[in-house]
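Notes for the one structure printed next.
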Amino acid sequence: MTLPKFEYFAPESLDEAQQLLLDQGVGAHLLAGGTDLLVKMNHGLLKPASVIALKHIKELEAITYDPKEGLKIGATALLADVAAHADIRKHYPAIAAGAHETANVQIRNMGTVAGNLCNAAPSADNAPTLLAMDAEVEIKSATGERRLPLDQFFKGPGQNALASGEILTAIHVPAPGSGEGVSYQHISARGKVDISAVCVGVMVHMAENGCDDVRIFLGAVAPVPMRAAKAEALVRGKQLTEETIEAAGIAAMEESQPITDVRSSADYRKKMVAVLTRRALAEARDRALKR
Amino acid sequence: MEQFSIVGKDVPRNDAVAKARGAAVYTDDMTLPGMLFGKILRSPVPHARIINIDTSKAKALPGVKSVITGKDIPKVKYGNWRLFADTQDEYALAMDKVRFIGDEVAAVAAVDKETAQEAVELIDVEYEELEGLYDVDATTKEGAPAIHDYCPGNVSVNRKIEYGDVEKGFGESDYIREDTFEVHAVSHAYLEPCSALAQLDLDGRITLWTSTQVPYIVQCLLASTLGMRENDVRVVKPFVGGGFGGKMELRTWEFCAAFMSKQTGRPVKFTLSREEEFLTGRRRHPMTLHSKVGFKKDGTLVAKDLRIVLDGGAYNAMGPTATFLCGNFGAMLYRYPNYRFHGQHAYTNKPPASAMRGFGAPQSLYASEIQMNMAAEALGIDPVEMRLKNAQVSGDKIPDVATISSCGFKESIEAVARMSDWKRRRKELKPGQGIGIGCYSFISGGVFNWFNTQYPFSAAEVRAFSDGTVHLLSMASDIGQGCDTAMKQMLAEELGLQMKDIRITTADTATTPQADLGAWGSRVTLMVGNAVLDAARKIKEQLFGALSARLNANVVYEMECKNGMVQPKGRPKKAIPFGDVVAMVQKSKRGEPLIAHGYYTPRDKGLVTPAFGFGAQIALVEVDRETGKVEVEQMWTAHDCGTVINPKGVEGQLAGSIQMGLGYALSEQFVMQDGKTLNTNFLDYKMPTAMDMPPSAVEHIDTYEPEGPLGAKECGEGLASPTAPAISDAVYHATGYRCKDLPITPEKILNSMEEGA
Ligand SMILES: Cc1cc2nc3c(=O)[nH]c(=O)nc-3n(C[C@H](O)[C@H](O)[C@H](O)COP(=O)(O)OP(=O)(O)OC[C@H]3O[C@@H](n4cnc5c(N)ncnc54)[C@H](O)[C@@H]3O)c2cc1C
């Protein structure tokens with residue numbers, strides 16, 4: 001395979017990048033780790049007129065944590081950095097696990113969490129947990145900036161809410177409160193290194209009288225990571241007994257809309273939604289009760 | 001056990017440093033001045049007549065130097081089974097029909113890859129589509145359309161074996177079972193996609209560098225398809241990144257590169273993409289196996305009736321050999337006093353299946369090993385005991401087929417049971433865990449001369465020099481399996497030299513001795529090894545003669561080569577350096593170079609092989625009973641490959657076999673729809689990765705094969721067979737799911753558990 005010809009830019013500041021993106025117009029594509037972008041270009045699926053690299057922009061790579069403000073993951077923070085970050089491992093173990101279980105060592109040393117979200121694969125391993133935790137994305141362009149809840153970011157397979165000229169600059173995750181627990185579960189056809197056939201992210205908040213808040217997101221079973229609202233309704237306000245979470249798993253299975261493709265059959269995906277939702281709810285509950 | 005000084009040691013591989021540094025040059029790394037880039041146009045439809053091909057637009061594209069179709073090339077069919085010309089069913093480019101998605105229709109050579117690609121897209125082909133038939137039931141049904149006109153009924157090969165009295169045997173059996181197994185296609189998935197570079201030499205001859213396992217076979221078939229004499233074609237094998245049976249025939253791009261270089265006078269290179277490899281590449285034969293076996297109450301085997309239909313895809317490729325070998329493997333491992341086999345090789349409109357590591361054994365042994373376990377359970381006998389009771393031993397004869405010489409099979413079964421603590425573990429596992437066994441036997445090269453070569457099966461040349469070095473030449477093809485290193489070790493051992501004293505040149509049909517049938521069938525160690533030793537012993541004879549004359553030695557002294565010296569046996573005080581003795585030989589013959597030719601062709605070894613390898617393997621698995629996912633926790637292997645030439649090399653073969661076996665059992669398959677392969681990349685073709693490899697323990701059973709070089713036999717392919725049945729048996733033990741149609745998917749396990757519940 002040969003790469004198509006394109007112009008390459010490596011701006012060193014965000015301003016410069018924004019201006020370039022504006023000037024280059026729709027033919028321009030941003031490059032973070034390139035582990036999605038270059039694969040597509042190599043296979044002739046994408047023929048950008050220009051490629052603008054983000055990795056030389058220092059201000060985009062930071063990961064910061066503040067007990068009140070929460071977590072900020074810069075756009076070029078590597079999957080490997082997120083997986084190994086001490087604060088993330090301590091306060092956001094499910095985010096660290098999601099990043100760690102994406103791809104393999106080589107890809108984690110190149111690829112980014114932001115790239116994983118922007119690529120908008122229904123199976124993106126980092127999406128469900130961040131969605132469950134109510135993350136927001138910070139978006140900037142030459143003409144302004146905005147914040148968008150992540151659950152409004154995905155528009156379809158390979159499609160996100162960014163307008164031409166916009167750059168996702170950071171991901172913000174609220175500080176975890178006490179009584180909160182999060183879990184990420186996924187399964188694939190090959191053993192250790194594979195794209196998920198089903199993935200589930202769950203956040204629960206446990207109060208005296210049971211679970212008073214819950215967010216359940218399912219990956220790879222719909223065109224975008226989907227919220228399992230019916231399953232949530234079954235657990236909200238309840239004690240998370242084995243029967244309750246089992247029922248929630250079945251509800252999630254019923255509302256999921258997987259397809260059969262080369263990676264898995266719809267039927268198996270559905271069954272796995274039930275199993276993984278149940279497992280994720282149980283782990284999130286147990287983590288919440290430890291806080 | 002014989003004492004060796006270099007054989008049996010972990011000598012570093014010949015190619016290790018070059019590969020680790022990225023310095024090894026593969027075919028696609030090569031560039032020649034003025035080189036053109038080739039690209040193949042492939043059929044987008046599974047079965048059609050070609051009505052018309054319009055190449056005018058492609059030819060008009062600037063930068064395009066050649067566009068060819070079936071009309072432009074000699075109408076010569078080829079195929080590896082030269083002895084039976086009617087099995088040769090392929091043309092380099094389609095003449096009037098395409099038979100699978102990916103069948104080669106036309107080829108372009110242009111100044112760069114982009115132009116070649118663009119030109120291929122400009123070729124207009126008008127097809128009249130025919131019904132596509134994708135499974136053997138459909139193609140072998142009465143009245144099914146013929147995929148090849150010469151072959152109505154679509155069965156291209158029939159093979160029958162029968163000995164004893166099978167019906168009488170069943171009559172005498174206490175317990176008979178009959179099962180049908182379906183096994184699927186998997187990809188060789190070698191890391192280096194096929195690549196070939198041809199050049200027209202100044203004298204009008206052709207040189208072809210190609211990623212192949214069989215330079216001699218490519219040389220002969222390329223010559224016949226080009227209408228040239230064999231030795232006007234030179235085939236060179238550079239570094240090759242794996243083959244596993246997928247690179248053992250003449251292929252279209254090799255022909256096109258050569259033909260177009262003749263036509264244009266410029267070098268032409270073709271390199272396939274991974275997508276082309278997956279979409280159209282050779283694969284392991286899918287098969288349907290009906291097996292009926294009869295036992296006595298105590299587990300003694302009495303009779304077996306095995307019927308196999310191989311799904312060969314659109315062309316024969318190496319299917320005839322696979323069909324033959326299935327029949328032989330069906331009679332291996334255990335003593336079947338009464339045996340009947342009928343194998344049929346059928347065409348379908350799919351990419352051709354061909355040779356693949358194990359060559360029929362993984363399929364036929366999957367059926368027999370699983371059936372053995374099922375029978376053991378039904379008869380209430382431990383599967384290990386059942387095997388020991390029926391195991392073949394040294395001296396056993398398979399009528400008209402083979403006599404087993406060295407055989408460490410029983411020892412392998414006993415060793416692997418001991419290593420895994422089989423008896424205790426079978427009883428004391430956690431819920432979800434399971435343990436299972438699979439065994440194998442394999443050939444050390446084939447005896448049957450289907451290629452109809454006039455040369456020895458393997459040949460070697462050794463040149464000895466007065467500076468104490470030697471040069472080994474052979475056509476043996478190191479394709480990553482490490483035979484260059486093993487051959488040097490054997491030669492060093494025989495001549496009392498060090499690895500550094502030996503230069504090696506291999507696999508160039510113009511300079512290395514005629515001939516060698518190639519790297520397949522686990523033949524290289526035994527056959528080329530014997531040729532190397534034959535040459536070495538001829539050198540020694542001359543050295544010993546010269547030394548005897550010099551020392552005026554009494555005839556009671558035997559001579560030996562040891563530690564770089566030639567000496568009367570055990571008398572180092574009388575030793576003379578190897579190089580000095582070479583000089584003595586040369587001086588006595590007015591300077592004639594000291595060169596010896598060695599060769600090997602098996603004799604009186606039946607129909608199949610000079611020697612069999614054996615072994616047994618046990619797998620421990622844990623199955624997640626909710627997701628159906630199987631985690632292989634441990635593999636234990638004990639095997640008999642005769643003398644171990646290079647222990648690390650053998651362990652590498654074992655690791656690679658387990659990796660392939662894991663994929664075959666659990667994750668790899670072609671997802672196909674209407675003849676089209678849908679998973680054409682490593683993302684969707686689920687080959688296990690390094691991360692999926694289970695821990696593994698191995699014991700080499702010590703045997704000495706009299707027909708083998710320094711006692712060695714095969715270890716490259718046999719090990720590809722036991723892993724799938726061992727894992728499958730362990731999964732059954734864990735879940736109650738007995739897999740009769742590979743692969744074992746989580747979904748099948750869950751469905752079976754649901755049915756059982
Ligand atoms: C071998 C292999 C294994 C893989 N395994 C997995 C896996 O297990 N799970 C999984 O989810 N994925 C996997 N992937 C996919 C990929 O590695 C991940 O999605 C990765 O996180 C992408 O990050 P990146 O930085 O490389 O993105 P890039 O390829 O650089 O970018 C991806 C897309 O996002 C856009 N983009 C990037 N950054 C921004 C930004 N800041 N603002 C706006 N747009 C932006 C790019 O233009 C591009 O369209 C795998 C890929 C490979 C090659």
Side-chain angles (χ1 to χ4, degrees), chain A residues 1-5 35-36 39-40 42-45 47 100-108 121 123 185-200 245-246 249-250 253 258-280 282, chain B residues 37 39 112-118 121 193 271-276 278 621 624-633 659 662-663 666-673 676-694 743-751 753-754:
Chain A
M1 291 286 149
T2 39
L3 273 180
K5 293 210 182 349
T35 63
D36 278 315
V39 174
K40 288 181 193 165
N42 264 323
H43 287 82
L45 301 173
K47 295 188 170 118
H100 183 70
E101 284 160 33
T102 305
N104 54 27
V105 179
Q106 294 91 327
I107 298 290
R108 289 197 293 275
S123 60
Q185 303 283 329
H186 65 127
I187 192 166
S188 62
R190 182 162 35 205
K192 304 291 190 312
V193 181
D194 203 0
I195 300 295
S196 294
V198 175
C199 47
V200 179
I245 60 176
E246 170 105 41
I250 290 167
M253 169 174 91
I259 54 164
T260 293
D261 64 11
V262 295
R263 284 178 210 148
S264 186
S265 75
D267 190 46
Y268 182 70
R269 282 196 162 106
K270 281 209 160 230
K271 283 184 191 156
M272 289 310 102
V273 168
V275 174
L276 298 187
T277 302
R278 174 162 51 72
R279 287 182 182 180
Chain B
F37 294 83
K39 184 81 196 165
D112 55 36
K113 287 184 203 168
E114 294 74 17
T115 310
Q117 177 64 43
E118 206 184 326
E121 289 164 17
T271 299
L272 301 202
S273 68
R274 181 61 66 186
E275 286 66 26
E276 278 179 292
F278 275 126
V621 306
D624 182 325
R625 296 163 69 96
E626 289 181 342
T627 62
K629 286 214 54 159
V630 178
E631 170 98 25
V632 180
E633 297 188 313
Q659 188 269 358
L662 279 181
L666 297 172
S667 62
E668 290 181 42
Q669 59 183 321
F670 286 103
V671 183
M672 296 193 69
Q673 194 175 21
K676 181 161 191 183
T677 305
L678 302 178
N679 52 339
T680 60
N681 54 45
F682 280 118
L683 177 59
D684 294 323
Y685 183 86
K686 308 287 183 189
M687 195 161 106
T689 71
M691 305 278 293
D692 297 309
M693 286 295 285
I744 304 164
T745 62
E747 197 161 7
K748 289 180 191 169
I749 294 176
L750 288 190
N751 289 344
M753 284 175 32
E754 270 169 27

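Convention: sequence-line order gives letters A, B, ...; per-chain numbering from 1. Note that this is a predicted model, so its numbers are computed, not measured. Side chains are part of it too, since the values below use all heavy atoms of this structure and drop only hydrogens, waters and symmetry mates.
- Neither the backbone nor the side chain of A:Asp261 comes within less than 4.5 Å of any heavy atom of chain B.
- Heavy atoms closer than 4.5 Å to chain A are found nowhere in B:Leu666, neither backbone nor side chain.
- Taken to the nearest 0.5 Å, the CD1 atom of A:Ile187 stands 10.0 Å off from the CD atom of B:Glu626.
- Shown here for B:Lys686 and A:Ala189, the closest heavy-atom pair between the two residues is CE-CB, 4.0 Å.
- Distance check, rounded to the nearest 0.5 Å: CZ of A:Arg279 to OG1 of B:Thr627 gives 5.5 Å.
- Taking CG of B:Asn679 as the reference point, atom CZ of A:Arg263 lies at 10.5 Å (rounded to 0.5 Å).
- Of all heavy-atom pairs between A:Ser265 and B:Glu747, the closest is OG-OE2, 2.6 Å.
- Ion pair A:Lys271/B:Glu754 flagged as a salt bridge, since at least one NZ, NE, NH1 or NH2 atom sits closer than 4.0 Å to an Asp/Glu carboxylate oxygen.
- Both the backbone and the side chain of B:Pro746 come within less than 4.5 Å of a heavy atom in chain A.
- When each of B:Val671, B:Asp684, B:Asn751 is scored by its heavy-atom pairs under 4.5 Å with chain A, the top score falls to B:Asp684.
- Remark: B:Lys676 NZ is loosely packed, at most 12 non-hydrogen atoms of other residues, nucleotides or ligands lying under 6.0 Å away.
- Within the 4.5 angstrom heavy-atom criterion, only side-chain atoms of B:Glu114, from C-beta onward, approach chain A.
- At a 4.5 Å heavy-atom cutoff, the contact between B:Glu631 and chain A is made by side-chain atoms alone.
- Ranked by heavy-atom pairs under 4.5 Å with chain B, the first of A:Asp194, A:Ile195, A:Leu276 is A:Asp194.
- A 6.0 Å sphere centred on NZ of A:Lys192 holds more than 12 heavy atoms belonging to other residues, nucleotides or ligands.
- Residue B:Asn681: no heavy atom, backbone or side chain, is found under 4.5 Å from chain A.
- Between A:Arg190 and B:Tyr685 the shortest heavy-atom distance is NH1-O, 3.7 Å.
- Residues meeting the side-chain hydrogen bond (donor to acceptor under 3.5 Å, both in side chains) test with B:Gln659, sequence neighbours left out: none.
- Contacts of A:Val262 with chain B are made by both backbone and side-chain atoms, with heavy-atom separations under 4.5 Å.
- Both the backbone and the side chain of A:Ser188 come within less than 4.5 Å of a heavy atom in chain B.
- B:Leu750 places a side-chain heavy atom less than 4.5 Å from the side chain of A:Met272.
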